[in-house]
Amino acid sequence: MTTSSHTTESEDSVCLAYGKQVKELLNVGSPAEIRDHLWSIYSDSMAFQQEAGYNPRVSDIFMTFRELTLFIQRIESVKA
């Protein structure tokens, strides 16, 4: 039986890389500011959709927005 620590090291390095990206994002603004920006972006997008007409991806866009908002909320609770 062969066990590989390479997979664990690889997963750890990916997690560290993600953590660095989140840290860079938080250098731009606080989680609350980022959440407010997300709401602005989403609101403007939905306002434009009313002018532009039907978009078959509107539910996918909402789910992405929702997940980003929840992610920022989790980051906010960790940072607090």
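- Two different hydrophobic clusters hold Val22 and Leu70 under the rule that ILVMFWY side chains link at heavy-atom gaps under 4.5 Å.
- In this structure, the side chains of Thr69 and Tyr42 stay at 4.5 Å or more apart for every pair of heavy atoms.
- The main-chain N or O of Ile41 is never found under 3.5 Å from a side-chain atom of Ser45 such that the two would form a donor-acceptor pair.
- Taking both residues in full, the closest heavy atoms of Leu26 and Ile34 are given as CD2-CD1, 4.0 Å, listed atom of the first, atom of the second, then distance.
- Within the 3.5 Å criterion, the main-chain N or O of Ser30 finds a donor-acceptor partner in the side chain of Glu33.
- Separating the CD atom in Glu24 from the NZ atom in Lys20 is a distance of 9.5 Å, to the nearest 0.5 Å.
- Side-chain heavy atoms closer than 4.5 Å link hydrophobic residues (I, L, V, M, F, W, Y) into clusters, and following such links, possibly through other members, connects Trp39 to Phe62.
- By the 6.0 Å contact criterion, CD on Glu67 is enclosed, its count of non-hydrogen atoms from other residues, nucleotides or ligands being greater than 12.
- Atoms CZ and CG, from Phe65 and Asp60 in turn, are 15.0 Å apart once rounded to the nearest 0.5 Å.
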Side chain to side chain contact (heavy atoms under 4.5 Å, CB included) assessment of Ile61 paired with Asn55: CA-CA 10 Å; Ile61 292 168; Asn55 181 352; 3.7 Å; yes
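- Here Arg35 contributes atom CZ and Gln73 contributes atom CD; the two are 6.0 Å apart, rounded to the nearest 0.5 Å.
- Taken from NZ in Lys23 to CG in Asn27, the straight-line distance is 7.0 Å, to the nearest 0.5 Å.
- Closest heavy-atom contact between Pro31 and Ile72: O-CG2, 3.2 Å.
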